Number of protein chains: 2
Amino acid sequence: MASSRLATNLSAIAAALGVSVATVSNALSGKGRVSPELVERIRKTASELGYVPSSAGRALRTGRSGVLGLVLPDIANPLFPQIAQAIEKAAVNAGYGVLIADARGEIAMQTDAIDRLIERGVDGMVVVPRRGTRISGVDCPVAVIDSPSTPGNTVAADHWDGGRQVGEYLASLGHRKVVLVGKNRDSNVQNDRLGGIRDGLGKTCLAQTLWIDGIEKGGGAGCRLGLAEKVAEGFTAFAAVSDLHALRVLTELQRAGIEVPEEASVTGFDDLIFSAVVTPPLTTMRMDMGRIADLAVGALLRAIDGAGENGAAVDVTADVSKVPMALIMRGSTGKTKHDAIEAKNTTAGELTP
Amino acid sequence: MASSRLATNLSAIAAALGVSVATVSNALSGKGRVSPELVERIRKTASELGYVPSSAGRALRTGRSGVLGLVLPDIANPLFPQIAQAIEKAAVNAGYGVLIADARGEIAMQTDAIDRLIERGVDGMVVVPRRGTRISGVDCPVAVIDSPSTPGNTVAADHWDGGRQVGEYLASLGHRKVVLVGKNRDSNVQNDRLGGIRDGLGKTCLAQTLWIDGIEKGGGAGCRLGLAEKVAEGFTAFAAVSDLHALRVLTELQRAGIEVPEEASVTGFDDLIFSAVVTPPLTTMRMDMGRIADLAVGALLRAIDGAGENGAAVDVTADVSKVPMALIMRGSTGKTKHDAIEAKNTTAGELTP
DNA sequence: CTGAAAGCGCTTACAG
DNA sequence: CTGAAAGCGCTTACAG
């Protein structure tokens, strides 16, 4: 007959045992020096009474809510599950809860989302900012997850190096004419990835960027990207900045009767939920979200613990880290058929193992 | 020079104006009767001082945290973004925050996740349960989002009727041999959808179910489903219980050189993020997540407000609602080529407009 | 090793 | 219309 009928508190336990609430508190928290026998009795009674500490009482007293905020530009972003899962895990491991705030894709709502979190008394927050947005003037510790190219305090994957790996990999497969597929020219993350890909591809490779937003401005959402034409022009690989776009490329190619990877290779980024499951499975670049989350939450906790020291100064975390990305080779990439033709004027011998 | 240097509270405002905290509280909350002029002065000072009410103080006093919990079986579930976004929106509209708790796919962790939320003092929680799990004994109002077939207190989409719509639609296109694609035999949601599809297809149609988990047990994750063989056997449509599986079907068919929708139609469920963007775009069945979330949160709020009445009794919400689903017709479905052949022994004339 | 007391910030009857 | 006072549940010095 444990618990139920809510509202068991320290006083109730104290009363039941004829001791003081201070002693109960000390025993349960393991801080004050209480005799082992008493601790045992108090624990027992607490559990019999179904005691759950009041987070409000504790928060009011300690000035800490034990809750971290997670601000997202748009929960609908396909990368969000990975981020949320990693942050939640890191927070729980550190004994914190996670309050979410979604800006629903509207840039203006980001500030609202942050304010909402402040009002709920979060001890700190992780912000995944809207493209190009700067976070400032927030009255609590903040860790930003973005591209390292973004000035400010950031924990991020090394998108540029990830791109470089993709580029080198495609080059090693013999690709010499590659279409880069991006969505939005303003995205730091996308620009980093694309820059890296170009770099990895090297000087001898022709790279051309297709901006989806630009194409859609003419043909409406979901219109054709004209990929078959690219293949006809001799392009043999498509490197997208996200698996979502890679999937779009893959299916448009397949629909046009172009075989992947035999006639064209496709790569993406982020290892989204569907990437391993499509046919052929997508070669992609994965971030170590667990590590990113640990860094972000760790920086937050340090800032929170340090906040008490120098008066009431609240410092934004300043842990600029670059987390490496990992290439995941799957079926959507292969050696180009054009190897034979192009081999003579390249160093393909060295590049293709 | 507003705000900063945290820690402005009611006392500070009261002191600055030479009034009592009670008056400040009343003025700011608009409850007590305070003269309009004073209200105005108090508001002004509060905003100048950058006053943010202490949620802890309020929670401790009122016994309400103003926070709702969202328990998820696995954030990695592709449907999660829609759920989270809808719940967050509904909660924010009602003035609540949302604390997330992820069971990371482990059935045992669901209880931990719930406990974590209780310890954080949520006023109620929305639970998306793991397959077949029953939620019970939780000491706060709970709204469950699942299939209506699950006994208990549930807000759900009408999965069965959604399936029926898919079935009828495929039948109306002339399909007479349809492969149903499910993942897990134990899922109420999947069984409802499949049952509905069979029902909508009608007696004259041959329907056969492919269970992905069963197939993968033999061939490992991501192995082929043998769809080309099904097409060879005369099946002309594939109806999956999720867009994720529909995507798998679509790409496997395309990879096998089978044209969609000319040679085979494909349908899914849930209108996932990628569904509109692939080629051909997926015909799918969408739930009204906004409505589901509103119902769930609404039920929760009613339970929360009612909790004070009958002693301390905490009642689980009992709002069993069926929210209709909407068919979204896109390019992955079309009339079957076999119409001509099969027309003689069916009522295809009536069914195809 | 144990307890009495103060106080975190708020709201809510209750007086005036 | 305004204020004094109590108390939500907890933790933390401080005494004993």
Side-chain angles (χ1 to χ4, degrees), chain A residues 5-43 45-46 49-67 95 118-121 123 139 307-308 312, chain B residues 6-43 45-46 49-67 95 118-123 139 307-308 312:
Chain A
R5 267 355 74 179
L6 50 80
T8 300
N9 54 26
L10 289 188
S11 307
I13 300 174
L17 265 56
V19 298
S20 75
V21 291
T23 298
V24 176
S25 174
N26 282 328
L28 257 23
S29 68
K31 284 188 178 173
R33 310 107 302 185
V34 183
S35 68
E37 306 83 57
L38 224 201
V39 168
E40 191 44 45
R41 285 173 57 212
I42 290 176
R43 284 237 180 79
T45 317
L49 261 37
Y51 172 66
V52 177
S54 155
S55 53
R58 182 174 293 171
L60 183 56
R61 172 67 225 228
T62 63
R64 300 273 162 83
S65 64
V67 173
I118 293 284
E119 278 161 22
R120 299 257 170 248
D123 294 335
D139 255 359
Chain B
L6 47 82
T8 299
N9 54 26
L10 289 187
S11 307
I13 300 173
L17 265 58
V19 299
S20 75
V21 291
T23 298
V24 176
S25 174
N26 282 328
L28 258 22
S29 69
K31 284 190 176 170
R33 310 104 302 184
V34 182
S35 69
E37 308 84 53
L38 224 202
V39 168
E40 190 44 47
R41 286 173 57 215
I42 289 175
R43 283 238 180 79
T45 317
L49 260 35
Y51 173 66
V52 176
S54 155
S55 54
R58 182 173 294 169
L60 183 56
R61 173 66 226 229
T62 63
R64 300 273 163 84
S65 64
V67 173
I118 294 284
E119 277 162 23
R120 299 256 169 251
V122 297
D123 293 336
D139 254 357

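Below, read A as the first sequence line, B as the second, and so on, with proteins coming before strands; counting in each chain starts at 1. Bear in mind that the values here come from a model prediction, so they are computed numbers and not experimental data.
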Expected output: side-chain A:Thr23 to main-chain A:Val19 donor-acceptor under 3.5 Å: no
Test item: B:Ser25 side-chain N/O and B:Val21 main-chain N/O as donor-acceptor pair under 3.5 Å: no
Base-pairing string, 5' to 3', of DNA chain D - Watson-Crick or wobble, under 3.5 Å, | interstrand: |||.||||||||.|||
Toward the 5' end of DNA chain C, by each residue's nearest nucleotide, A:Ser35 or A:Val21: A:Ser35
Between [atom2] of [N] and [atom1] of [X], the distance in whole Å:
X        : N      : atom1 : atom2 : answer
B:Arg120 : D:dG9  : CZ    : P     : 19 Å
A:Arg61  : C:dC10 : CZ    : P     : 16 Å
B:Asn26  : C:dA13 : CG    : C1'   : 11 Å
B:Leu28  : C:dT11 : CG    : P     : 8 Å
A:Ile42  : D:dC10 : CD1   : P     : 13 Å

Sugar-phosphate only, base, or nothing, as touched by B:Ser54 at under 4.0 Å among non-hydrogen atoms: sugar-phosphate
Sugar-phosphate only, base, or nothing, as touched by A:Ser25 at under 4.0 Å among non-hydrogen atoms: base
Measuring from [X]:[atom1] to [Y]:[atom2], what's the distance to the nearest 0.5 Å?
X       : Y       : atom1 : atom2 : answer
A:Leu28 : A:Arg43 : CG    : CZ    : 7.0 Å
A:Leu49 : A:Leu10 : CG    : CG    : 11.0 Å
A:Ile42 : A:Ile13 : CD1   : CD1   : 8.0 Å

Does [N] have OP1 or OP2 sitting under 4.0 Å from an N or O in the side chain of [X]?
X       : N      : answer
B:Lys31 : C:dT12 : yes
A:Arg58 : D:dT11 : yes
B:Ser20 : D:dG3  : yes

5' precedence on DNA chain D between A:Asn9 and B:Leu38 (nearest-nucleotide basis): B:Leu38
Whichever of B:Leu60 and B:Val19 has its nearest DNA chain D nucleotide further upstream toward 5': B:Val19
Under the side chain to side chain donor-acceptor pair (under 3.5 Å) test, residues paired with B:Asp123 that sit two or more places apart: B:Ser65
Counterpart residues, side chain to side chain donor-acceptor pair (under 3.5 Å), relative to B:Ser55 (two or more places apart): none
Selection from C:dC10, D:dT11, C:dG3 that lies nearest to any side-chain heavy atom of B:Leu10: C:dC10
